[in-house]
Amino acid sequence: MSTYDAVPATPDHIAIEHRVLELWEREDTFNRLRAQNAGGPTFSFTDGPITANNSMGVHHAWGRSLKDLVQRHRAMQGHEQRYQNGFDCQGLWVEVEVEKSLGLNSKQEIEEYGLDKFARACRDRVAEYSAVQTRQSKRLGQWMDWDRSYYTMTDPNIEYIWRFLKECHDREMLYRGNRPMVWCPRCGTSLSQHELIDSYRDRTHPTLHVRFPFLDAPEEAVVVWTTTPWTLPANVAAAVDPEAEYSAVRTSQGIDWVMTARVEDLFGEGADVVRTAKGAELVGRRYRGPFDDLEPGAAVEHRVVAWDMVAGDEGTGVVHIAPGCGGEDFELGKVEDLEVLVPVDDAGCFLPDYGFLAGLTTADAADPVRAHLEQQGVLVRSGTIEHRFPVCWRCGTDLIHRVVEEWFIRAEPVRQAMIDAAATVNWVPEQYGKRMEDWLRNMGDWCISRKRYWGLPLPFYKTESGEFLIIGSIEELRERAVDSLDGLEELHRPWIDGIRVRTDSGEIAERVTEVGDCWLDAGIVPFSTLGWGRESFQEGGYAAGAGEGLTQADLPDHEYWEKWFPADWISEMREQIRLWFYSQLFMSVVLVGKAPYKNVLGYEKLHDETGRAMHKSWGNAIWFDDAVEEMGADVMRWMYALQTPSQNMNFGYGPANEVRRRLLTLWNSYAFLIRYADIDGFTPTYADLEHRPPSATALDRWIVARVDETIATCDEALSGYWTPTYARAVESLVDDLSAWYIRGSRARFWRPESDVDKDAAFRTLWYVVAQTCRLIAPAMPFMAEDIWQNLVRDRAVDAPDSVHLAGWPSAGTPDTEAIRAFALAQTAISLGRGARAQGNRKLRQPLREAVIATPDADARAAVESLREEIALELNVKNVRISDAVDELLEVEIVPNFKVLGPKLGKDIPRVQQLLKAGDYERSGDDVVVGGYTLTSDEIELRTRPREGFAVADEGGLAVAVDTELDEELEDEGLARELIHFIQGQRKDADFEVADRIEISVTADARLRRVLDRFGDEIRRETLCTALAVEDGVTGAPFDADGCTGTLAVRRTS
RNA sequence: GGGCGAUUAGCUCAGUCGGUUAGAGCGCCUCUCUGAUAAGGAGGAGGUCCCUGGUUCGAAUCCAGGAUCGCCCA
């Protein structure tokens, strides 16, 4: 009758995980955990919202695994938590995907399609993918309150942002200003930096060299070069490098100024240079603009300005400046206070006041522009150029720069407060704090508007006369509304656009059309989800608006906010420093003057296993759904836990397989325990987990001490959010358990009789595996649970139903003596094996004696306590411990630098020399040298083996083995060989471990003697009930060192 | 140009407080175990700890400068 479920040789992670998910579901384990921790100390985690726009990737799984790991750990420690997951719902990414799926290709097509239908499609996409991501996250094992996720598109979230914006306005931080944008003239939309990645293509464009004649000397001109003819009508300045030398060259058209370094390329070797001058001399001179005959150009005073970014390696060394058509031009324009001419509209068509160009696109304008310049006599030459140029990823159209009006929040008023607040945060890794500070010191004003559709509607209202009003809440909107709010289904376009409001002066105001930056949506979360400033708690109230039916998240009250703000911890990838970490901090500093989080864990990027970025089009991307069903969630999670966060992670099936194999060690240890626990009917004692099991041997004490040590290491690592130290500590414990404890204790488990020793062995092994289960539970919740169910639950009285309800193990004071002693024994064993190898004696051959010699009395005592284990490991009859190191070794005394360094300082090298030369005297344990008396703590003994011994040494410890063999030892060795051989036969015949066998053997004289002497042992070890020596047996030939026989092995039952 | 990192074995990476003999996994070679076995164990080969200088009795570790790579900002 079996009490334990049989354990397969290797874990089927996938099957285990599905089984455990079902178990948790059936037993409502997560909610039981929450009930168990209710009222406990709080651990407040704010989840950074994942964009609910696509299924999640393995890089998301990294972050989610870390989040879950820490939350599970804190839960095991008894902390009450909120477990609120978040979805980011608005912004260009969602719009772009929806556009694709609807086959729309421009803003115009969206508007024709209908903003209401478009908004619904965006909401539907969020609903679809938030459901997908929820399913995936559950599969990963993440425990969250999935029914109460927050969605940033809900009315309450938007309303909180309104409130924040109004606060900014009240503090005069809000303004409307210009911003150069990268623009697709065909799609009629700006592109974000992200959309520019990989957007460069080889293109051919027209080039023009154009003269800008000086007003005070019309025959003289600066000559510029441009590849964007359409920007010339927006020219307001020409930039020169004030430090560079310029030359005036006489040509058929007059006198042309260009940078001296460019003269030869432009005019050939025989150029007629009439004058040279520093660029600075040209600065300030005014010139006739190329399109002064058009209204906008005529209104501008064109002049030469200084700019240190003028390049001398291409063009003319004079740069045409159009601040309305270029990012760098715009920045220079701000410095030089230049006019900003924006010649084209949203669709990239020239505006009506551009005369003959009006209505033309930027591309179509190239020829008319050239013709016009030629006609004006200012065109020097025209040509074409092939170069890399950014194009729209949607339609392939050449992108242009275009200055547009946007809304901004001033950074300066809060900059210092934000820096101060960031300094209160514990950044992990530390350097991320420096990055945040650098970002804050350099941050520009926050551009919060987007000329799009699916986003939070900015609550900015303007009257025809220019009066401005900002609405801070739905209530205020209701009070001021001129139109009925009945049609306002939610706070989104187009519905909100139809509501006009009345200003204080009684005028009618309409909303501006812009929506807000999605980082406002995410940044407000520490307020909007926690009920900041609210008087009443509204159950399920957060879902109002676009979140209706998607979530049951509450809209709490201010008391709740006080309880949970600021977050104890947040964690996202490093790029969030300038995104979510920033926007949260900004909004929090504005609203309450402090940081919204106390600890931050950031992590780097996830690459493929060769270190390359994962990319759909490169074919090296790994889908989460595939990964989790192939490598398993636990394996993935353990990989994430092992990963140093400040390093890029190389993720793939190869590394996963390595990790999977390492996990086998724990599994094998568990399987070993189950096998013998089942055979023996072992019943564990749950209280052992708290009070520790009884120890019968030094090995027992050692492994228990190692558990204590490991718990302490894990505690420290996890309290600092540093998972790799935790994961490595656990692996190290498991290695010790398997390689040393179990290997050294195996015989105790398969002895038939029961006694104190076997009981201690079982309880100790059970204790270590069960504690390890608890330790790995946060990182590998499935395997931990599966082992727990079989090993602990229902086997031990009082055991919790789930490892996740079992609490975190408490570290006792580690028995450091036991650990130190065993480390010495390990060294001795390792040395002994080395010595055997030197003496050419394989481990199977028993030897008479090993001698362990050390001058250190403590070390001798430590080794003494483990001599049985050492004898077993070295397969020797006796272990002799000696202080007569000289027998085996030459001894050298070296200073203990760590202790002696600070004491002796510069005398160290001299003392070291004297010791090495043997120029010292011993006085008891002390050493007198060079005028110093050194105690035993202040020196170390180094040893070298003397010639002619099978000796190995390390750190003052030396081990020799007696390699002499007599007949008895040889026979015993042969017996071992024979046992080894028979076990092989058993295995070849596929017998079960517990099957009994009979053996017939035809033996030579020597083998007969071995059978006579060691027959009992051979029968016992091979579970042989009858061993008959007879002639003429047909079977397998045995031959060891010339000792031969033929064996036949049969199963008895 | 400013900022933040990284550089350690063939590969991927640890390395705490500065301590003199720098580690792990994988790979490779040799051996071993065979009652954990598609495993396990031991041993070996393999290192200019990027370079230069400094501080120190002592530097992979701290400081300065440089090189290369990555990232953030401009």
Side-chain angles (χ1 to χ4, degrees), chain A residues 7 9-10 308-309 327-328 331 429-444 574-575 577-578 604-605 607 609-611 613 642-644 646-650 652 654-655 657-659 661-662 664-676 679 713 716-717 724-725 728 731-732 735 738-740 742-743 746-747 749-750 829-830 832-834 836-838 840 842-844 873 875 894-912 940 942 952 954-955 976 979-988 991-995 1021-1023:
Chain A
V7 177
T10 54
D308 55 10
M309 285 177 71
E328 291 171 344
E331 292 305 318
E430 208 175 345
Q431 66 261 26
Y432 291 179
K434 297 183 199 166
R435 275 185 179 250
M436 176 57 103
E437 187 181 334
D438 184 57
W439 167 258
L440 293 175
R441 288 203 186 283
N442 295 305
M443 69 175 167
R574 195 204 56 216
E575 66 182 13
I577 288 172
R578 61 184 182 86
E604 291 289 319
K605 292 202 167 144
H607 290 161
E609 61 187 86
T610 67
L642 281 164
Q643 174 65 28
T644 303
S646 55
Q647 293 276 327
N648 288 336
M649 175 167 190
N650 297 346
N657 201 41
E658 271 186 36
V659 168
R661 281 172 57 184
R662 286 221 295 282
L664 270 180
T665 310
L666 173 60
W667 189 262
N668 288 337
S669 303
Y670 158 63
F672 176 91
L673 170 57
I674 290 293
R675 166 170 288 173
Y676 291 104
I679 290 171
T713 304
E716 194 184 338
T725 304
R728 278 197 287 266
E731 287 199 348
S732 167
D735 283 349
S738 170
W740 292 98
I742 295 181
R743 193 157 50 88
R746 272 183 299 190
F749 293 95
W750 64 65
I829 290 163
S830 165
R833 286 189 184 132
R836 287 188 71 111
Q838 278 181 49
N840 240 335
K842 56 169 71 168
L843 204 48
R844 208 177 303 157
E873 291 286 346
N875 195 16
V894 293
N896 180 342
F897 290 98
K898 196 164 184 170
V899 179
L900 225 42
K903 183 170 161 186
L904 300 195
K906 287 178 192 285
D907 267 354
I908 278 260
R910 186 171 64 85
V911 169
Q912 189 177 9
E940 278 172 27
R942 287 280 165 73
E954 185 180 303
R976 296 283 182 96
I979 291 167
H980 170 55
F981 179 81
I982 295 167
Q983 301 290 23
Q985 297 292 305
R986 287 184 60 113
K987 188 171 153 64
D988 289 347
F991 295 165
E992 293 297 319
V993 168
D995 284 343
E1021 292 287 322
T1022 61
L1023 297 185

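Chain A is the first sequence line, chain B the second, and so forth, proteins listed ahead of strands; every chain is numbered from 1.
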Peer 1: When rounded to the nearest 0.5 angstrom, what distance separates OH in A/Tyr676 from CD1 in A/Ile742?
Peer 2: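 With rounding to 0.5 Å, OH (A/Tyr676) is 11.0 Å from CD1 (A/Ile742).
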Peer 1: Give a yes/no answer on whether the side chain of A/Arg578 brings an N or O atom under 4.0 Å of OP1 or OP2 in B/C73.
Peer 2: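 Indeed, a polar side-chain atom of A/Arg578 lies that close.
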Peer 1: Please determine, for the side chain of A/Arg435, which listed nucleotide (B/G2, B/A14, B/C4) has the closest atom?
Peer 2: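 Nearest to the side chain of A/Arg435 among the choices is B/C4.
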Peer 1: If you measure from the P atom in B/C49 to the same atom in B/G23, how many Å do you get, rounded?
Peer 2: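 The same atom, P, in both gives a distance of 14 Å.
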Peer 1: Rounding to an integer number of angstrom, what distance separates B/G58 and B/C17 when you compare their C1' atoms?
Peer 2: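 The same atom, C1', in both gives a distance of 15 Å.
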Peer 1: Classify the ring geometry between A/Phe749 and A/Phe672 as parallel (under 30°), tilted (30 to 60°) or perpendicular (over 60°).
Peer 2: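 Rings of A/Phe749 and A/Phe672: perpendicular, as their planes differ by over 60°.
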Peer 1: Nearest 0.5 angstrom please: A/Ile679 CD1 to A/Ile674 CD1, how far?
Peer 2: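 One finds 11.5 Å between CD1 of A/Ile679 and CD1 of A/Ile674.
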Peer 1: Please determine, for the side chain of A/Gln431, which listed nucleotide (B/A6, B/G25, B/G5) has the closest atom?
Peer 2: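 Looking only at heavy atoms from C-beta outward on A/Gln431, the closest nucleotide is B/G5.
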Peer 1: For A/Ile679 and B/A36, what is the distance between atoms CD1 and P respectively, to the nearest whole Å?
Peer 2: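 Atom CD1 in A/Ile679 sits about 11 Å away from atom P in B/A36.
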Peer 1: Determine whether more than 12 heavy atoms belonging to other residues, nucleotides or ligands lie under 6.0 Å from atom CD of A/Gln431.
Peer 2: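 Counting neighbours around CD of A/Gln431, more than 12 heavy atoms of other residues, nucleotides or ligands fall under 6.0 Å, so yes.
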Peer 1: Rounding to an integer number of Å, can you tell me how far A/His607 NE2 sits from B/C71 P?
Peer 2: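 Distance check: A/His607 NE2 to B/C71 P gives 8 Å.
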Peer 1: Can you identify which nucleotide, out of B/C71, B/G27, B/U12, has its nearest atom closest to the A/Arg661 side chain?
Peer 2: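 Selected nucleotide (nearest to the side chain): B/G27.
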Peer 1: May I ask you to decide if A/Thr665's main-chain N or O and A/Ser669's side chain share a donor-acceptor pair within less than 3.5 Å?
Peer 2: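 Yes; judged by distance alone, with no hydrogens or angles, the pair exists.
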Peer 1: Rounded off to whole Å, could you give me the NZ-to-P distance for the A/Lys434 and B/G3 pair?
Peer 2: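 After rounding, the reported distance stands at 12 Å.
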Peer 1: In whole Å, what separates the C1' atom of B/U37 from that of B/U32?
Peer 2: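 About 14 Å, rounded to a whole number of Å.
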Peer 1: When the C1' atoms of B/C13 and B/C73 are considered, how many whole Å apart are they?
Peer 2: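 Looking at atom C1' only, B/C13 and B/C73 are 30 Å apart.
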Peer 1: Starting at CZ of A/Arg578, measure out to CG of A/Asp438 and round the result to the nearest 0.5 Å.
Peer 2: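 CG of A/Asp438 is found 12.5 Å from CZ of A/Arg578.
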Peer 1: Expressed as a whole number of angstroms, how long is the span from A/Met649:CE to B/A14:P?
Peer 2: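 In whole Å, B/A14 P and A/Met649 CE are 12 Å from each other.
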Peer 1: So which nucleotide does B/A36 pair with, by the Watson-Crick or G-U wobble rule with both distances under 3.5 Å?
Peer 2: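 B/A36 is unpaired by these criteria.
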Peer 1: Can you see if the side chain of A/Lys605 gets near the phosphate of B/C71 - specifically, an N or O under 4.0 Å from OP1 or OP2?
Peer 2: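 No, A/Lys605 has no side-chain N/O under 4.0 Å of OP1/OP2 on B/C71.
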Peer 1: Take the protein atom CD of A/Glu328 and the nucleotide atom P of B/G1, then report the distance between them rounded to whole Å.
Peer 2: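 The answer, rounded to whole Å, is 15 Å.
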Peer 1: By the 4.0 Å heavy-atom rule, please label A/Arg441 as base, sugar-phosphate, or nothing.
Peer 2: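 Nothing: the residue A/Arg441, judged by heavy atoms under 4.0 Å, touches no strand.
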Peer 1: For B/U68 versus B/G15, give the span between their C1' atoms, rounded off to a whole number of Å.
Peer 2: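 About 23 Å, rounded to a whole number of Å.
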Peer 1: Between A/Gln643 and A/Asn650 (side chain of the first, backbone of the second, donor and acceptor by atom type, cut-off under 3.5 Å), is there such a pair?
Peer 2: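 Looks like no, no N/O pair under 3.5 Å.
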Peer 1: Between protein and nucleic acid, restricted to nucleotides 9-11 of chain B and to nitrogen or oxygen atoms under 3.5 Å apart, what atom pairs and distances do you find?
Peer 2:
none

Peer 1: Looking across every strand, which nucleic acid part, if any, lies under 4.0 Å from A/Trp667 by heavy atom: base, sugar-phosphate, or nothing?
Peer 2: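 It contacts nothing in the nucleic acid.
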Peer 1: Rounded to the nearest Å, what distance is computed from the NZ atom of residue A/Lys903 to the P atom of nucleotide B/U56?
Peer 2: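 Nearest whole value for this atom pair: 22 Å.
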Peer 1: Quote, to the nearest angstrom, the P distance that separates B/A9 from B/A24.
Peer 2: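 Those two atoms are separated by 14 Å.
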Peer 1: Have a look at A/Arg910 and say if it touches a base, only the backbone sugar-phosphate, or nothing, with a 4.0 Å heavy-atom cut-off.
Peer 2: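 Counting heavy atoms under 4.0 Å across all strands, no contact is made by A/Arg910.
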Peer 1: Could you check A/Glu604 against A/Glu331 and say which one's nearest nucleotide on RNA chain B is further toward the 5' end?
Peer 2: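 Nearest-nucleotide comparison on RNA chain B picks A/Glu604.
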Peer 1: Could you check which of B/C73, B/A36, B/G27 has an atom nearest any side-chain atom of A/Asn442?
Peer 2: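 Out of B/C73, B/A36, B/G27, the nucleotide with an atom closest to A/Asn442's side chain is B/C73.
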Peer 1: Can you tell me the pairing partner of B/G19 across any strand shown, Watson-Crick or G-U wobble, with both distances under 3.5 angstrom?
Peer 2: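 With both distances under 3.5 Å, B/G19 matches B/C57.
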Peer 1: Decide yes or no for A/Met443 and A/Leu440: does some side-chain heavy atom of the first lie under 4.5 Å from some side-chain heavy atom of the second?
Peer 2: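 In contact.
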Peer 1: Would you indicate which nucleotide in B/A36, B/C4, B/U12 comes nearest to any side-chain atom of A/Arg675?
Peer 2: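 Ranking B/A36, B/C4, B/U12 by closest atom to the A/Arg675 side chain puts B/A36 first.
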Peer 1: Hey, does A/Ile742 reach any base, or is it just sugar-phosphate, or nothing, if we go heavy atoms under 4.0 Å?
Peer 2: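 Counting heavy atoms under 4.0 Å across all strands, the contact made by A/Ile742 includes a base.
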Peer 1: Select base, sugar-phosphate, or nothing to describe what A/Glu731 touches, counting heavy atoms under 4.0 Å on all strands.
Peer 2: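 Result for A/Glu731 = nothing.
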Peer 1: Partner of B/A67 by Watson-Crick or G-U wobble geometry, both contacts under 3.5 Å, or none?
Peer 2: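 B/A67 is paired, partner B/U7.
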Peer 1: Between B/A14 and A/Thr644, is there an OP1 or OP2 to side-chain N/O distance shorter than 4.0 Å?
Peer 2: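 Yes, because at least one side-chain N or O of A/Thr644 sits under 4.0 Å from OP1 or OP2 of B/A14.
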Peer 1: Please report the interatomic distance CZ(A/Arg435) to CD1(A/Ile577), rounded to the nearest 0.5 Å.
Peer 2: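 That separation rounds to 6.5 Å.
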Peer 1: Could you let me know what B/U12 is paired to, Watson-Crick or G-U wobble, both distances under 3.5 Å, or none if it's on its own?
Peer 2: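 Paired with B/U12, as far as the under-3.5 Å criterion goes, is B/A24.
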Peer 1: If we take the C1' atom in both B/G40 and B/U48, what is their distance in whole Å?
Peer 2: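 Looking at atom C1' only, B/G40 and B/U48 are 37 Å apart.
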Peer 1: Determine the interatomic distance between C1' on B/G5 and the same-named atom on B/G43; round to the nearest Å.
Peer 2: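 So the two C1' atoms sit 39 Å from each other.
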Peer 1: Classify the nucleic acid contact of A/Ser669 as base, sugar-phosphate or nothing, counting any heavy atom under 4.0 Å across all strands shown.
Peer 2: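 Base, at least one base atom sits under 4.0 Å.
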Peer 1: Does A/Glu328, at its CD atom, have more than 12 non-hydrogen atoms belonging to other residues, nucleotides or ligands within less than 6.0 Å?
Peer 2: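 Atom CD in A/Glu328 is not crowded, with 12 or fewer foreign heavy atoms closer than 6.0 Å.
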Peer 1: How long is the line joining OH of A/Tyr432 and P of B/G3, in whole Å?
Peer 2: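 My rounded result for the distance is 19 Å.
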Peer 1: So does A/Asn896 get a side-chain nitrogen or oxygen closer than 4.0 Å to the phosphate oxygens (OP1/OP2) of B/G19?
Peer 2: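 For B/G19, neither OP1 nor OP2 has a side-chain N or O of A/Asn896 closer than 4.0 Å.
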Peer 1: Output the rounded distance in Å from CD (A/Gln643) to C1' (B/U12).
Peer 2: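 After rounding, the reported distance stands at 10 Å.
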Peer 1: Out of B/A36, B/C71, B/G3, which nucleotide sits closest to the side chain of A/Arg574?
Peer 2: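 Among B/A36, B/C71, B/G3, the one nearest the side chain of A/Arg574 is B/C71.
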Peer 1: Look up atom CG in A/Asn896 and atom NZ in A/Lys903, then write down how far apart they are to the nearest 0.5 Å.
Peer 2: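 If I round to the nearest 0.5 Å, the distance is 11.0 Å.
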Peer 1: More 5' along RNA chain B: A/Arg662 or A/Trp740, using each one's nearest nucleotide?
Peer 2: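 The residue mapped nearer the 5' terminus is A/Arg662.
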